[in-house]
Amino acid sequence: MADQYGFWRLLAEGLRGHTGWKPAWRDPEPKAEYDVIIIGGGGHGLSTAYYLAKNHGITNVAVLEKGYLGGGNVGRNTTIVRSNYLHTGNVLFYEKSLQLWEGLSNDLGYNVMFSPRSIINVFHSDSARDADTRRGNQMILHGADAVLLNREGIRREAPLVDVDNPRFPVYGGLKQTRAGSARHDAVAWGFARGADRRGVDLIQNCEVTGIDVRNGCVVGVQTNRGPIRAKKVGMAVAGNTSRVGKLAGLPLPIESHVLQAFVSEGLKPMLHNVITFGAGHFYISQSDKGGLVFGASLDGYNSYAQRGNLPRVEHVMEAAVSFVPAVSKVRMLRSWGGVMDMSPDGSPIIDKTPIEGLYLNAGWCYGGFKATPGSGWCFSHLIANDSPNHHIEQMRLDRFETGYVIDELGAGAQHNLH
Amino acid sequence: MTASLPQPMRLREGGLINRNRPLTFTFDRRVYQGYEGDSLASALLASGVKLFGRSFKYHRPRGVFSAGPEEPSALVEIDQGKAERDPNHRAPMVELYDGLETFSQNHIGPLGLDLMEANDLISRFLPAGFYYKTFFFGGLQAWYRFYEPIIRRAAGLGRPPMEADPHHYDKIYTFADTLVVGGGIAGLTTALSLARAGQSVLVCDERDRVGGAALWQGERFDGQSGAAYGDHLVAEIEAAGGRVLPRTTVFGVYDGGIYGALERCQDHLAKADRRVHTARMKYHRIQADRVVYATGAIERSVGFMGNDRPGVMLASAGHAYLGRYGVRVGQQPTIFTTNDGGYAVAAALAATGADVTLLDARADSRLEAEGVRVLRGVHATKAHGRMGLHRVDYGGAQSGSLTTDALLVAGGWNPAVHLTSHTNDRRQSKPVYDADLRAFLPPELVDSEAASGSVTGALGTADCLASAAAAAAKFGGAALDTPAVDEAVAVSAPKELWAVPGAGQAAFLDLQNDATVKDVGLAAQEGFRSVEHMKRYTTLGMATDQGKTSNVNGLALLAAATGREISAVGTTTFRPPYTPVPMGAFAGHHRQRDYEPFRYSPVYDWAEANGATFVEAGLWMRPSWYTQAGEADWLESAVRETRATRDQLGITDVSTLGKIDIQGPDAAEFLNRLYTNGWKSLPVGKARYGLMLREDGFVFDDGTTSRLAECHFYMTTTTAKAAAVMAHMEFVHQSAWPDLQVAFASVTDQWGGLALAGPKSRDCLAALFPELDVSNDGMPFMGVIETTWKGHTARLFRISFSGELAYEVAVPADVFDAFWREAMAAGAQWDITPYGLEALNILRIEKGHVTGGELDGRVSMDDVGLRKMVSTKKDFVGKAMSRRTAFSDPDRVKMIGLVATEADERIIGGGIVFDSKDGPFDHTTMLGYVTSVAAFSPLKDRSIALAFIKNAADYHGRTLYVVSHVHNRAIIEVTAESPHFYDPKNEKVTG
Amino acid sequence: MLIPCPHCGLRPSEEFVPKGLAEAPRPALGGRAKPDGPAWQNYLHLRDNVADHSHEYFHHALGCRSWIVVHRHTLTHEVTGATMAADFWKADKPAKGAKDAKSPTAETAEDGQ
């Protein structure tokens, strides 16, 4: 293809003043009908469109985005990629996603800067070590990788961690070597570009205002740019799932909560891995640009605002300076909030809905970013074949009725506890 | 003191500095001098320094660009040493003190000869987003091991501190009727009016002294200088009961009238003057009913080639260095302006004898400035001078080239609207573009907000004072006499000029991130049309200054490139903090040891004095084991304690268990609804084991609850779940069954508790309470007696967690230590042995009792073999959901006991259970997992464990294998049996 | 954020622990509602979850220990009131900001069998 990216192309364009770069994606007018409509031009919607085209040969696809591509949580997260889950229902899926990440830049021809710099979950008690041992073993049995570190291992791998913390001393950690971080916008843009080049129409500033259902089957959507017909419609609108679900009359097990994230001023390399505190919610890594990227848990109250409040900010910083004391002087540059689709068990839903032809991809809680390629891979399979592949067999919508929940934390049916 | 060092750019007079108080400091180890009242930037400029640092991406040499917090270029490290080093300080915001040590950053080799400047030479190949388009060769490993490390080393700004911060920080709650953000003349005027009206007013100003632009613009108020008038206003405000905090940045606006502010208390002081016991900074959480935004405005630049060269700066900066610090930034300065404002600085510089040329982009301007050569209809096209400006080319109505040593750019003003759009408690929170003023103004303010001064778009002192009066009037301020203003500064809205024609790759917008005019064009060309796309693709505005001088130019150029109105493009979202805040300031004293409080049992001191090693159990510190002389490790101690308990008499502290006192006529009914089993028939004087489910049907918690009287129960919970159980009880009572007449309170801290366990426990109890009949008849299993001990209430429970004959005794916490010591004395004749959590763990695993390891929030009653605890006659919390399909799935894992085959092998907690040692080991062949391990069970003379496996009943007596891949794939052979290893018929506890 | 506890007055949000949306009452004890039916599902799992005025449980854990229902807008975070949870599901409970009241009692929320 003529508009391929790469070193020689960059060199050639540099010599001619970059006049030859084409738009990364077209800006098409919506057609009257598509084979598949994906609602939501975030990471998951774009990757679903990409894999519909690439894996299933379905290219008559529209992605409808009410704002700009990649403007949802894919553009406002802390970019951690991992598959260190306990439950089969999760680890099978996230490991598939991680494997896709490993080849993603070359597959897309777009550098998503996936960097396997490892994640270390630090623990602070014997019982937490047992729990992480079980998790590490589960990961390995599901094809992922895990290493159990002792205190010396933490000192070696993450020298800035306060192993001798006077309140909650570090006992060790569970490391996933293949985990890491990526450049969030690049993922959205890379999938967008890849989908566009395979013929998918990416339609921005196109808000879905209705979902047309006839005799229990979906027939299309209403938008601010007119009606569009399709027999298959996939929802990938984490952050707005309830609102879009309501258009189809679907009651959904989702609450929206705000999760704050933070970035510091740029610094020379300080932290190599992604590390997480076990005595309080806190995780931190350093981006390629040098900013420390960190966050913790939900503010707790229901929210659709992409911003949080000071009590959580203080709590995050208390954990930060207790876990990695050297960051105390580092200045926080920017804070923001993402609206999380919180499900009652903390795990996502990728499933058919009671409406034929309407497919649901929702409930990502904190885990959506790392799921981006896997979600598209599996959701496109579900849409193309009307049945799930084995990676998402447990991510069912009816699991709250049957009790087959995937409760990674064991926190129970309360949306904001996960 | 060293001899006077040269300050060639310093004027003999003028400015707010104290020339009688010279201060010595270093920059890159070279010694300089400035004066009290200087900033680092002004002192270095005075000393003739032009080169301050290197940019982020291209490592271009950079000078100082501004005189305020918007500074994108002149960033420095302060101090050295792994703990002390403090990078990325904005030189204009660093107050000079004697002995200040500063260092330039982000370069390899000396600042003047940065090897990374090679990036600038190849900058044509490194446009916006170049990294997305390359580094594919070699795949993931090449990216991670080769390309990315190079990028990471090149990126970043200053060097981070690498050790704990030696400073401390305070958090303060601060209250005011009205918060005024910004202590310029407008903010102070509004504040005084409100203070005079009786309001409690707090003014926060980010600079070291109030006055804002009036400190340097030169206008006079009733004949006074701006500085003097500002001081006068402060005195009046304070006289009226208001407060003014300098060096305090209001960085964020939050819900409910809450504002975050950072007060810098020590950094401006010479080290010898810093007070050890005073916080370096104070983080204020301000609660205010009303806010006045008096945040001022920030000047913007214009895009042209070389507009980043050292020596090019904002006109307001040149004016500030002159007016406030007595520093003339050039002998032969050039002003490039798009509005009337440039004339004031030109005139001020000319008045010092400088040779000043002014390039006015407007052809139709008629203004003059005394002693200034004016070229009209002319714009700068290119600035020359890699290490320091020496020439500027101009074009437009006429073209040519000027020799110059400073180029001051006046591109118009951007009101500092940041705080006004932090919250969206109004429908429209984004700034609004005013096409006449060519500026974004605050969105419509709500009733509790007002704006004062140039943030409103007001130009000029008179307009600012008028807006100050309007803001005060909105909040009922008192009328003030308006000062007579001698307007020194001509003002006008700027000509619309975001970048000059032909500006390209080296025409910078974001000076820190090196985002150029061309980058914005490229973003538009590649379809990144949303302002958010442009920001993210070019990184414009994402640097430490958050684009204070660059955002508006960038989005205006994007609008032009995509054929839209600026108002249609809009701004990106302003996020807190307004300027960066140290993470440690938010943490205050809640760090390290004081991250979370400690909870101590009343007998902590006794345990500590008697050899206990403690372990964190939530917030509690609990004895893990008690070391005796000669014991090599914890296991030896724990096994001794276990044996002593089984054979004789053990004592352990159970004070940390949650305790809830429940009273009322409906208390039994309430318990009946909470627990799976029945409670109405429980007689007074008896305890019962209870199991609670969560509403979703999974096991929540367990414990014993005793009936002390007909309408009085005493509940215990696990240590870990105490708070959650209490909150749960309150929830169901208040939200679902408010009609139940029951009241309950947590009494965890009010009672201390100990357990006596072992064959001699009854004897010991009898010795402690000689007047009581504690025989098996007098106090049968699950019996409860309320009595007194030395006049204090004492509650005796015959319950057992260890599997031995055992009693728990609770006494009020304040006498518990004395009671414990008496129990130790009473038990001495049976060698009473205190045991810790490790021994407790061995005892309960031998008995098959579950704890948090088993009750992990995912197990059902059946899974842990407690189906017998379920009453079928009544409803209770969780019953409905526990009837869901999954709960009766035959594939559910259930609890079982494991015994190691080899005496010297330890079962691994978290290991996975298989029925073959040969594999394949994967998730389809696994049977289950190990939850709790006793490293050594005296009962079995080897390691035992509790585990959950599928078809558990089928495996009793069979050989299984515990495999732990994270322990080098260790494989441990075990035999499965009932989890109730010890005394399965309960003869010990009931005997 | 400030929360207007009906018992204690306006208090800072960190004294409270939020639990989630209060959209459906707990099905009555001994009722016939099925675990997979709407009554239980609406109580435990399913949510309207609107970007609008909402009702939300908060526990005044570091205060009077009341469970309250806070009337709050989930987009603007504007707090318009609060009710004791004990009163919330009574028939005469206050109307929700811009929304209609929920089914007034637990009994009527049974699955209608």
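Below, chain A is the first sequence line, B the second, and so on; all start at residue 1.
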Distance flag, aromatic centroids of B:F574 and A:W336, threshold under 6.0 Å:
no
Applying a strict 4.5 Å limit to non-hydrogen atoms, the region of B:H168 in contact with chain A is neither
So, the part of A:Q260 with a heavy atom under 4.5 Å from chain B: the answer is neither
The interface call for A:N137 against chain B, heavy-atom contacts under 4.5 Å, is both
Beyond-backbone contact of B:V930 with A:R134, side-chain heavy atoms, under 4.5 angstrom | no
If one checks every heavy atom of B:M542 against chain A at 4.5 Å, the contacting part turns out to be both
Okay, A:A131 and chain B: the region with an atom under 4.5 Å from a heavy atom over there is neither
Applying a strict 4.5 Å limit to non-hydrogen atoms, the region of A:D126 in contact with chain B is side chain
Next item on the list: Scan side-chain atoms only and decide if B:Y131 and A:D288 contain a donor-acceptor pair under the 3.5 Å cut-off.
Entry: no
Turns out that what part of B:R883 lies under 4.5 Å from chain A's heavy atoms comes down to neither
The interface call for B:F56 against chain A, heavy-atom contacts under 4.5 Å, is side chain
If one checks every heavy atom of A:D407 against chain B at 4.5 Å, the contacting part turns out to be both
Among B:F137, B:Y595, B:Y537, the residue with the most heavy-atom pairs under 4.5 Å to chain A is B:Y595
Applying a strict 4.5 Å limit to non-hydrogen atoms, the region of A:L69 in contact with chain B is both
Inset, instruction - Please examine the side chains of A:R307 and B:H422, heavy atoms only from C-beta on, and report whether any two atoms are closer than 4.5 Å. - result: no
Cut-off 4.5 Å, heavy atoms of chain A, and the answer for B:A83 is backbone
If one checks every heavy atom of A:L333 against chain B at 4.5 Å, the contacting part turns out to be both
So, the part of A:R117 with a heavy atom under 4.5 Å from chain B: the answer is both
Any side-chain donor-acceptor pair under 3.5 Å between B:Y929 and A:Q138? no
| field | Cation-pi check, B:R529 onto A:Y68 ring (under 6.0 Å, within 45° of axis) | value | no
Applying a strict 4.5 Å limit to non-hydrogen atoms, the region of A:A12 in contact with chain B is neither
Rounded to the nearest 0.5 Å, the CG atom of A:L267 sits from the CZ atom of B:R159 at a distance of 11.5 Å
Honestly, the part of A:L271 sitting under 4.5 Å from a heavy atom of chain B is backbone
Salt bridge flag under 4.0 Å for residues B:R285 and A:E314
yes
If one checks every heavy atom of B:I122 against chain A at 4.5 Å, the contacting part turns out to be neither
Applying a strict 4.5 Å limit to non-hydrogen atoms, the region of A:Y171 in contact with chain B is side chain
Under 4.5 Å to a heavy atom of chain B? For A:L15 that would be both
Between B:T134 and A:N111 the two heavy atoms that sit nearest each other are O-ND2, 3.3 Å
If one checks every heavy atom of A:W8 against chain B at 4.5 Å, the contacting part turns out to be neither
Taking 4.0 angstrom as the limit, do A:K329 and B:E84 come out as a salt bridge?
yes
Okay, B:T544 and chain A: the region with an atom under 4.5 Å from a heavy atom over there is both
Cut-off 4.5 Å, heavy atoms of chain A, and the answer for B:R593 is both
